[in-house]
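Everything below concerns the one structure shown next.
What you see is a predicted model, and the numbers here were worked out from it, not measured in a lab.
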Amino acid sequence: MEPSGRTIGPEEEAAVLRVLRSGMLSGVWGTEVPALTEEFAALIGTRYAVACSSGTAAIHLAVAAVDPEPGDEIIVPPISDMGSVTPIIAQNAVPVFADVDPVTGNLDPDAVAALIGPRTRAVLAVHLFGKPAPVARLRELTDRAGIMLIEDCAQAYLAPSRPGGALAGAVGQLGCFSLQQYKHITAGDGGLVTTDDPELALRLRRFADKGWPRETGERAYLSFALNYRMTELVGAVAREQLRKLPAVVERRRGSAAAVAGRLAGLRGLGLPPDDGDHVYWYFPLLVDGLDEPGLERYAAALTAEGVPALGGYLARPLYAEPVLRKPLTYGSSGYPLAGRDYPDGLCPVAEDLVYRRLVVVPWNENFTGTDVDDIAAAVEKVHTALVTS
Ligand SMILES: Cc1ncc(COP(=O)(O)O)c(C=O)c1O
């Protein structure tokens with residue numbers, strides 16, 4: 001059940017050799033990265049995609065494209081990877097945490113609406129564990145406020161935002177994806193940003209490429225920017241992985257449905273809501289009646305049964321991490337967070353999930369029928385022993 005191996009095979013091997021033999025390893029002058037961005041935009045259903053070096057870089061590109069004034073605010077959820085948040089600080093903007101839905105852990109639109117103010121420039125919605133966030137509603141809110149919606153799709157490839165609707169990454173103005181080792185598809189590290197807007201696409205490209213206007217051929221540096229470029233080796237592997245993605249999602253959905261079917265009806269256990277839209281990066285369980293040590297015991301017992309599990313997913317909500325709380329940013333300045341408070345209790349629903357209710361099982365496309373049986377049996381055993389007995 002070890003989630004190793006992934007779907008790397010002879011196709012990726014040939015792709016790497018193809019690039020090495022061409023002698024062109026840079027995505028700036030090569031063919032793989034441009035082809036990847038075209039293929040990815042077509043798959044997600046946007047006009048453009050821009051490649052970069054990681055999911056965190058993808059978020060940084062998106063925030064830089066929003067171009068906040070120093071001290072402007074971007075609303076984020078407190079349950080995610082820190083890569084959703086630190087790029088905001090890197091662009092001198094302030095993350096403002098909105099509370100989440102008690103079942104999915106995704107942003108609660110009412111909590112977001114209450115926090116939109118004169119300095120809010122964007123909302124960043126994370127599609128947590130592969131379950132789409134309510135981005136149609138969030139887009140209505142952001143449009144009404146005249147601000148942007150960024151989607152963090154690192155955990156949600158090919159997830160329909162509503163049945164038959166646009167995919168995650170094609171609803172907000174900007175959609176960010178990760179190719180990190182344990183995502184649905186991987187090239188070790190890498191990132192992609194989707195958009196329909198040509199001006200945003202240009203800003204994304206320039207921010208990943210030191211501000212060079214490659215389209216004019218001029219050696220100029222037109223704006224503050226870094227080097228977040230994707231190499232041809234990564235691009236070629238990612239293209240092969242992309243071809244496998246629909247089958248990866250189907251297999252993850254199939255094993256998740258089988259496990260959910262086996263666990264339905266266990267008292268005090270909440271299963272992930274699935275309207276045909278969950279793509280199962282992780283399989284989240286909601287457990288009733290535990291305290292913080294109890295949640296840890298539950299996850300440890302599952303792990304001991306051979307099902308690696310994490311209590312709470314995170315050690316604490318992101319706003320309780322030292323980088324934000326102390327804050328540890330630029331020298332001793334605390335900029336741009338000085339004077340900002342991120343106290344305990346800021347997002348009570350998120351705290352309840354992380355400290356007392358949420359247990360996640362990393363999911364994998366290679367799970368077999370035996371794995372499904374083992375996972376269901378382990379959860380039944382642990383749940384019965386620790387919750388319902
Ligand atoms: C929701 C989310 N956002 C952002 C990131 C950052 O991506 P990366 O690790 O590729 O920088 C990750 C994954 O690590 C993630 O799960």
Under 4.5 Å between any side-chain heavy atoms of Leu128 and Val100, yes or no? no
Can you check whether Met82 reaches Leu324 side chain to side chain, under 4.5 Å on heavy atoms? yes
What's the separation between atom CD in Glu240 and atom CG in Leu36, rounded to the nearest 0.5 Å? 10.5 Å
Among Ile88, Val96, Ile59, Val112, exactly one meets side chain to side chain contact (heavy atoms under 4.5 Å, CB included) together with Val76. Which residue is that? Ile88
Where do Leu204 and Leu174 land on the side chain to side chain contact (heavy atoms under 4.5 Å, CB included) test, with the steps shown first? CA-CA 10 Å; Leu204 294 167; Leu174 295 151; 3.9 Å; yes
For Asn364 and Ser255, the nearest pair of non-hydrogen atoms, with its separation, is O-OG, 4.4 Å
Pairs flagged by side chain to side chain donor-acceptor pair (under 3.5 Å) wherever residues 41-60 is involved - sequence neighbours left out: His60-Gln91, His60-Tyr228
Quick check: does any side chain N or O of Asp274 sit under 3.5 Å from a backbone N or O of Asp277, one acting as donor and the other as acceptor? yes
Flag yes if Ile74 and Phe207 sit in one hydrophobic cluster, no otherwise; membership is Ile, Leu, Val, Met, Phe, Trp, Tyr, and two members link when side-chain heavy atoms are under 4.5 Å apart. yes
Is the ring pair Tyr282/Phe129 parallel, tilted or perpendicular, if the boundaries are 30 and 60 degrees? parallel
Between Trp363 and Phe367, what is the ring plane arrangement, given parallel below 30°, perpendicular above 60°, and tilted in between? perpendicular
Should Thr120 and Glu73 be marked as a side chain to side chain contact (heavy atoms under 4.5 Å, CB included) after you check the CA-CA gap, both sets of side-chain angles, and the distance that decides it? CA-CA 5 Å; Thr120 313; Glu73 297 173 350; 4.0 Å; yes
Between Arg325 and Tyr342, is there a donor-acceptor pair closer than 3.5 Å when you use the side chain of the first and the backbone of the second? yes
Exam field: side chain Thr194 to backbone Ala49, donor-acceptor pair closer than 3.5 Å: no
Does the side chain of Val103 reach to within under 4.5 Å of the side chain of Pro273, using non-hydrogen atoms? yes
Flag yes if Val33 and Val237 sit in one hydrophobic cluster, no otherwise; membership is Ile, Leu, Val, Met, Phe, Trp, Tyr, and two members link when side-chain heavy atoms are under 4.5 Å apart. no
To the nearest 0.5 angstrom, please state how far the NE2 atom of His383 sits from the OH atom of Tyr298. 5.0 Å
Point-to-point distance, once rounded to the nearest 0.5 Å, from CD of Glu380 to CD of Glu305: 11.5 Å
Partners passing side-chain hydrogen bond (donor to acceptor under 3.5 Å, both in side chains) against Arg297 (at least two apart in sequence or in another chain): none
Is it the case that the side chain of Gln241 and the backbone of Thr186 share a donor-acceptor pair, with hydrogens and angles ignored and the cut-off at 3.5 Å? yes
For Leu318 and Pro77, work out which heavy atoms get closest and say how close. CD1-O, 4.3 Å
Can you confirm whether Val387 sits close enough to Leu290 that some side-chain heavy atom of one is under 4.5 Å from a side-chain heavy atom of the other? yes
Any carboxylate oxygen within less than 4.0 angstrom of a Lys/Arg side-chain nitrogen, looking at Glu11 and Arg243? no
Pair Asp275 + Lys131, salt bridge at N-O below 4.0 Å: yes
To check you understand the geometry: which heavy-atom pair defines the closest contact between Pro109 and Pro134, and what is its length? CG-CG, 3.7 Å
Could you see if Val19 belongs to whatever hydrophobic cluster contains Leu192? Use Ile, Leu, Val, Met, Phe, Trp, Tyr and a side-chain cutoff under 4.5 Å. no
Count I, L, V, M, F, W, Y as connected when their side-chain heavy atoms are under 4.5 Å apart, and connections chain through other members. Are Val359 and Phe283 then in the same cluster? yes
Under 3.5 Å donor-acceptor, Asn227 side chain and Arg229 backbone: yes
Test item: Glu151 side-chain N/O and Gly172 main-chain N/O as donor-acceptor pair under 3.5 Å: yes
Looking only at heavy atoms, which two atoms of Ile147 and Ile116 are closest? And how far apart? CD1-CD1, 4.2 Å
Can Leu200 and Met148 be said to form a side chain to side chain contact (heavy atoms under 4.5 Å, CB included), step by step? CA-CA 11 Å; Leu200 288 176; Met148 285 205 212; 4.0 Å; yes
Main-chain N/O of Val349 paired with Asp99 side-chain donor or acceptor, under 3.5 Å: yes
CD1 on Ile79 to SG on Cys347, rounded to 0.5 Å: 9.0 Å
Give a yes or no on whether a salt bridge exists between Arg6 and Glu365, defined as a side-chain N under 4.0 angstrom from a carboxylate O. yes
Could you tell me whether the side chain of Thr329 and the main chain of Tyr335 form a donor-acceptor pair under 3.5 Å? yes
Give a yes or no on whether a salt bridge exists between Arg203 and Glu199, defined as a side-chain N under 4.0 angstrom from a carboxylate O. yes
Val287 vs Leu269, side chain to side chain contact (heavy atoms under 4.5 Å, CB included): CA-CA, chis, key distance, verdict: CA-CA 5 Å; Val287 189; Leu269 184 71; 4.3 Å; yes
For the atom pair CG (Leu61) and CZ (Arg206), what is the distance rounded to the nearest 0.5 Å? 13.0 Å
Check Trp29 against Met24 and note the closest heavy-atom contact, atom names and distance. CB-CE, 3.7 Å
In plain terms, say whether Arg267 and Asp288 are close enough for a salt bridge, that is, a side-chain N and a carboxylate O under 4.0 Å apart. no
Donor-acceptor check, side chain of Arg214 to backbone of Val28, threshold 3.5 angstrom: yes or no? no
Got Leu314 and Leu358 here, is their nearest side-chain heavy-atom distance under 4.5 Å? no
Less than 3.5 Å apart, any donor N or O on the side chain of Arg357 or Tyr355 sitting next to an acceptor on the other? no
Indicate every side-chain donor-acceptor pair of residues 156-166 with a distance under 3.5 Å to a residue at least two apart or in another chain.
from	atom 1	to	atom 2	distance (Å)
Tyr157	OH	Ser178	O	2.5
Ser161	OG	Ala166	O	2.7

State, with a plain yes or no, whether a side-chain heavy atom of Glu321 is found less than 4.5 Å away from one of Val85. no
Could you state the interatomic distance from OG1 (Thr142) to CD1 (Ile75), rounded to the nearest 0.5 Å? 10.0 Å
Salt bridge (Lys or Arg N to Asp or Glu O under 4.0 Å) with Arg18: which of Glu13, Glu232, Glu12, Glu32? Glu32
Give a yes-or-no answer on whether the side chains of Tyr280 and His184 include a donor-acceptor pair shorter than 3.5 Å. no
Is there a side-chain contact between Leu353 and Pro102 (heavy atoms, below 4.5 Å)? no
Can you tell which of Asp110, Asp101, Asp143 makes a salt bridge (Lys or Arg N to Asp or Glu O under 4.0 Å) with Arg137? Asp110
Side chains of Leu242 and Ile185, heavy atoms from C-beta outward: is any pair under 4.5 Å? yes
Answer with yes or no whether the hydrophobic clustering places Phe97 together with Leu337; edges join I, L, V, M, F, W, Y residues whose side-chain heavy atoms lie under 4.5 Å apart. yes
Of the non-hydrogen atoms in Pro284 and Pro272, which two are nearest, and what is the gap between them? O-CD, 3.2 Å
Would a distance-only check, ignoring hydrogens and angles, find a side-chain to backbone donor-acceptor pair under 3.5 Å from Asp371 to Thr368? yes
